[in-house]
Amino acid sequence: MPGKTRKTPLKDADRDYLALGLEGSANKLGAGIMKHSKDGAAIVLSNIRHTYITPPGEGFQPRDTALHHREWALKVINDCLTKAGVSMHEIDCICFTKGPGMGAPLQSVALIARTLSLLFSKPLVGVNHCVGHIEMGREITGAQNPVVLYVSGGNTQVIAYSRQCYRIFGETLDIAVGNCLDRFARIINLSNDPSPGYNIEQEAKKGNRLLSLPYATKGMDISLSGILSAAETYTLDKRFRAQGATGDEDTITPQDLCFSLQETVFAMLVEITERAMAHIGSKEVLIVGGVGSNERLQQMMGIMAQERQARVFATDERFCIDNGIMIAQAGLLSYRMGYETPLAKTTCTQRFRTDEVHVAWRA
Amino acid sequence: MTENWHSVTLNIPFASEKHALIAKQVIEVDSELQFHVVKRTIEVDGHVLIAAFSTLTVRLARLAANAFLENVDLVVRTLERFGEEAENPPSS
């Protein structure tokens with residue numbers, strides 16, 4: 001394991017702490033209640049989420065997504081409190097996603113967070129969405145100091161921790177891998193229920209041909225928009241059969257394309273993750289973000305890790321896909337180190353880099 | 001220059017002065033997206049929230065007033081859902 005073991009600056013909890021976390025940066029509206037107990041345990045008391053699912057072939061736009069959040073947030077928060085058996089009065093802090101993400105949806109959640117904060121006189125803690133994913137991944141899996149592959153619809157980053165900062169080792173130069181997969185799902189008109197990525201994964205299992213797609217790693221980074229265009233071009237090929245396999249030799253089916261797309265982009269992700277691991281000598285990989293729930297990606301990462309005598313850590317869809325509990329977790333860690341966001345600074349921002357956060361709670 | 005601008009004033013009564021002040025503090029945090037051509041003031045008078053907009057174009061007046069009212073609606077629904085519980089802290 002690289003680096004000396006330093007004593008964590010996070011002091012033991014002198015009492016039980018409760019945090020409410022609110023997440024709404026994309027099309028998932030999540031609320032969660034996290035408890036940090038005196039004996040050092042972190043317990044998920046509740047984690048409720050509602051997803052805005054668009055019809056096949058359509059993506060989610062900022063305005064409609066914001067309307068969805070405004071419609072569902074109060075119910076989700078209420079259910080979250082009821083399930084945890086906790087009242088707002090017992091909460092220590094209200095954590096919300098400050099960014100990155102889509103402007104209008106983020107702001108909708110922030111308005112509710114501020115209102116609750118003033119009503120119940122609770123401090124607000126603005127949380128970076130990416131740091132939320134990382135902290136929840138660490139908590140659930142127990143990974144000590146992993147290279148983190150954060151892959152979702154909005155973000156694709158390879159991250160490693162050093163000196164109170166989550167440093168970005170590699171990332172996408174254009175679009176996120178989840179965005180690439182989602183947009184391809186729209187091209188072939190796959191259902192968005194439960195998520196386009198899940199349906200691509202299922203279709204890929206039925207694919208037979210590995211079609212040639214550009215393999216675009218750029219050093220420690222990757223580029224995905226060219227691959228998306230190439231995959232789309234195949235759907236215009238005269239060998240393409242939209243309904244699926246016809247028994248003819250030389251056909252291209254949507255299942256073949258899903259399979260080829262996954263194999264190509266996941267191999268690229270495994271490569272840039274491996275580069276970061278080699279750079280710092282890490283023996284652990286933590287995969288977080290919605291695309292992290294893809295079992296093929298976990299499998300491919302596992303093959304690479306095994307060759308390096310390393311371990312892969314991943315969480316299930318409750319924590320991989322955007323949720324409120326991860327915001328509560330990261331927020332509560334900040335809060336326990338004395339961090340609060342004053343009301344005037346509780347604006348949201350679409351661009352909030354992972355390495356802008358001062359990770360005070362780690363050595 | 002601003003004499004030829006359009007203006008819209010909205011008066012929203014709340015259940016109490018406390019709620020009106022909460023609405024003011026919550027909404028005023030976010031500045032207008034086009035603050036050069038949309039001037040906004042938010043005040044509270046008793047239990048009434050008063051928002052005044054002065055905008056360069058009619059379209060901006062519509063957008064600013066509409067966005068404000070949507071935000072007020074969200075705050076009002078939140079106060080409605082949680083307001084009573086906030087007034088009744090559990091006796092511990």
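Everything quoted here is computed from the prediction, not taken from an experiment. So that the names make sense, note that chain A is the first sequence line, chain B the second, and so on, each numbered from 1.
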Task: Toward chain B, the part of A/Leu124 with a non-hydrogen atom under 4.5 Å - done: neither

Open item on the list: Does any backbone or side-chain atom of A/Lys75 lie under 4.5 Å from a heavy atom of chain B? Answer side chain, backbone, both or neither.
Closed with: both

Open item on the list: Can you tell me how far apart CD1 (B/Ile22) and OG1 (A/Thr115) are? Round to the nearest 0.5 Å.
Closed with: 7.5 Å

Open item on the list: Return the CZ to CG distance between B/Arg77 and A/Leu74, rounded to the nearest 0.5 Å.
Closed with: 6.0 Å

Task: Interface residue of largest heavy-atom contact number with chain A, from B/Val75, B/Leu79, B/Leu74, under 4.5 Å - done: B/Leu74

Task: Winner by heavy-atom pair count (cut-off under 4.5 Å) against chain A, out of B/Asp30, B/Asp73, B/Leu21, B/Ile27 - done: B/Asp30

Task: Within 6.0 Å of CG in B/Leu69, more than 12 heavy atoms from elsewhere - done: yes

Task: More than 12 heavy atoms from other groups under 6.0 Å of CZ on B/Arg59 - done: no

TODO: Check for a donor-acceptor pair, side chain of A/Arg70 on one end and backbone N or O of B/Glu70 on the other, with a separation under 3.5 Å.
DONE: yes

Open item on the list: Among A/Thr347, A/Leu111, A/Thr346, which residue has the highest count of heavy-atom pairs closer than 4.5 Å to chain B?
Closed with: A/Leu111

Tell me the closest heavy-atom pair linking [X] and [Y], and the distance in Å.
X	Y	result
A/Gln107	B/Asn71	NE2-ND2, 3.8 Å
B/Phe82	A/Phe120	O-CZ, 3.7 Å
B/Glu85	A/His89	O-NE2, 2.7 Å

- [ ] Just do the side-chain contact (heavy atoms from CB on, under 4.5 Å) check on B/His19 and A/Leu119 with the steps written out, would you?
- [x] CA-CA 8 Å; B/His19 281 188; A/Leu119 255 184; 4.2 Å; yes

TODO: Could you check if a side-chain atom of B/Arg81 sits within less than 4.5 angstrom of a side-chain atom of A/Ile112, using non-hydrogen atoms only?
DONE: no

